[in-house]
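Below are the structure tokens for one structure; questions will follow.
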Number of protein chains: 2
Amino acid sequence: MATAPDSGKFPSAATLAPARGARKASDQTIYDSIYEAVLTQRLPPGSRLPEVALSEMFGVSRSIVRKALTRLTSDHVIEQRPNQMAMVARPDVEETRQIFAARRLVESEVMRLTAGTLSKARVQELRKLVKDEKAAHDSGRDQDRVHCSMEVHRFLARHCPNQVLGRMMRDLVLRTSIVIALYKSPGITACFLGDDHGRLATLIAKGDGEAAAALAHDHLVALENLLDLNDDSRPIDLASILRPPS
Amino acid sequence: MATAPDSGKFPSAATLAPARGARKASDQTIYDSIYEAVLTQRLPPGSRLPEVALSEMFGVSRSIVRKALTRLTSDHVIEQRPNQMAMVARPDVEETRQIFAARRLVESEVMRLTAGTLSKARVQELRKLVKDEKAAHDSGRDQDRVHCSMEVHRFLARHCPNQVLGRMMRDLVLRTSIVIALYKSPGITACFLGDDHGRLATLIAKGDGEAAAALAHDHLVALENLLDLNDDSRPIDLASILRPPS
DNA sequence: CCAGGACAAGATGTATACATTTCGGGCTCG
DNA sequence: CGAGCCCGAAATGTATACATCTTGTCCTGG
């Protein structure tokens, strides 16, 4: 029936990698698997996540799955409504704009704080991530490219001296990934903006926090502008429109 | 035995208000009750929260309680370690500094965005909160004063046009409340700084976002300076120091 | 042929049984 | 007298049974 444009297929067992053989898994394992799959856009927005299917996949009872799903809901990775299957979040246009605005604020500050604090070894790691991204881009492996691009931002979030802000940035990076999957303009392979990540790495290494912050800010503005955020357009979310008070 | 300076008493039934008569309660009810109790410092950092006690108090099974506790952990209200009772969070000095830094960043921006967007009715509500706080302060009802002070910030977070940032601010306000309870200098009744909240309300109403942001920033700097954050000092958290990898 | 309702499959919501772990009291042995 | 061990109360970890709700199918009556 599909009142709303639902991407709703079930995740194939292959989509959620570490489910092999139904070995015992902790709720952290399940959380990580789904998180990673959403981050890399293997699980598109709207994907449904039935508890029983997951519990069989991971070889645990529904209790564990439910704990993982509750945490994923708290982190805005999925949405849970009473008596309905959990599904990967589908933020509307307004929330998308708010996510970008919040991320610009937070990520800029993270750049300021992180610049000049990375050890040589860490800088090398960072440069490798950037190189991998470029390689994936050049050889057209789009899946890998998205993955590597996310890893650049996550690396910086993870190594920010202020871990409270770092954690916020981590969450915002994920939500950004979701809205990109939702709203990216059809033709665009997109999101490989110049060599922004390479230049960012250089500024971070050099310790120029202000320039890094400015670059990150502009990077995110450019990214948002690549999206198709005309209110009326695409995923006409009838569901949320037609949902009265209750 | 108490290896760490544990505030650890169990919450009396009276501490968690809406537990009357063991009526059925949703996980949201439990979440809210504990959240509110922590926010207003009725449940001090380190307080233990046994699942069975809570389930009896609220008249539900442990499943519901566990869901509430999982969410509270996600929001950094409580800490859960494997096989140990949940307890109200006790951030260390470093995390405290990070919380304040993050909150300065976020709350300043929230002020910028919120200034000039409140309806007349909303401004009235805000002024009433400020008035209530002052009244509580003047009559020495410290509990009420803390509550009202928190409500001012939460009101602004709730009515920020950017709800993603608003939600972040809400979480940071709570964590601030926790660290104030932990690290406030003994003698200080504190945290009623001049008439900052009153002036803030005026600036917000007038629409001067920049001034409001600056005031909020300075307000938070002053607040942090009231705390006793000498690394070596008070709550010598042996527990976390002596906890090896596992 | 279509509209409408009964029904069944399958999902989540909740409670509970049982396994496992923690931790303190108290006994025993040096 | 004190150190160390044993053990049991009580907490959490996990699985599962059962209730309830949602939803799609199929049957029936107009």
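Here is how names work: the chains are called A, B, and so on, in the same order as the sequence lines, proteins then strands, and each is numbered from 1. Side chains included, hydrogens not; waters and symmetry mates left out as well; all remaining heavy atoms used. Predicted model only: the values in this text are computed from it and were never measured.
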With sequence neighbours excluded, what pairs up with A:L105 under the side-chain contact (heavy atoms from CB on, under 4.5 Å) test? B:L105, B:E109, B:L165
Provide, to the nearest angstrom, the distance between the CG atom belonging to B:L69 and the P atom belonging to D:dT12. 8 Å
Does a donor on one side chain sit under 3.5 Å from an acceptor on the other, for A:H147 and A:R42? no
Between the side chain of A:S74 and the main-chain N/O of A:R71, is any donor-acceptor distance below 3.5 Å? no
Contact state string [nucleotides 16-21 of chain C, B base, S sugar-phosphate only, - no protein heavy atom under 4.0 Å]: B----S
Once you round it to whole Å, what is the distance between P of C:dA11 and CE of A:M87? 17 Å
Between B:E51 (CD) and D:dT14 (C1'), how many Å, whole number? 12 Å
Could you tell me the separation between the CZ atom of B:R81 and the C1' atom of C:dC23, rounded to a whole number of Å? 17 Å
Take atom CD of A:E56 and atom C1' of D:dA15, then tell me their distance rounded to the nearest Å. 14 Å
Do NZ/NE/NH1/NH2 and the carboxylate oxygens of A:R167 and A:D75 come within less than 4.0 Å? yes
Does A:R66 make a side-chain N or O approach to OP1 or OP2 of C:dG13 shorter than 4.0 Å? yes
Determine, for B:Y35 and B:R170, whether the Lys NZ or Arg CZ falls below 6.0 Å from the six-membered ring centre while staying within 45 degrees of the axis. yes
With distance as the sole criterion, is a donor-acceptor pair present between the side chains of B:T70 and B:T73 under 3.5 Å? no
Atom CG of A:D27 and atom C1' of D:dT12: how far apart are they, to the nearest Å? 14 Å
In whole angstroms, how far is the C1' atom of C:dG13 from the CD atom of A:Q80? 12 Å
On DNA chain D, more 5' by nearest nucleotide between A:P82 and A:K67 is A:K67
Gap between atoms CD1 and P, on B:I64 and C:dT12 respectively (whole Å): 15 Å
Please confirm whether the shortest side-chain N or O distance from B:R48 to OP1 or OP2 of D:dA11 is below 4.0 Å. no
Does the pair A:E125/A:K128 count as a salt bridge with the N-to-O cut at 4.0 Å? no
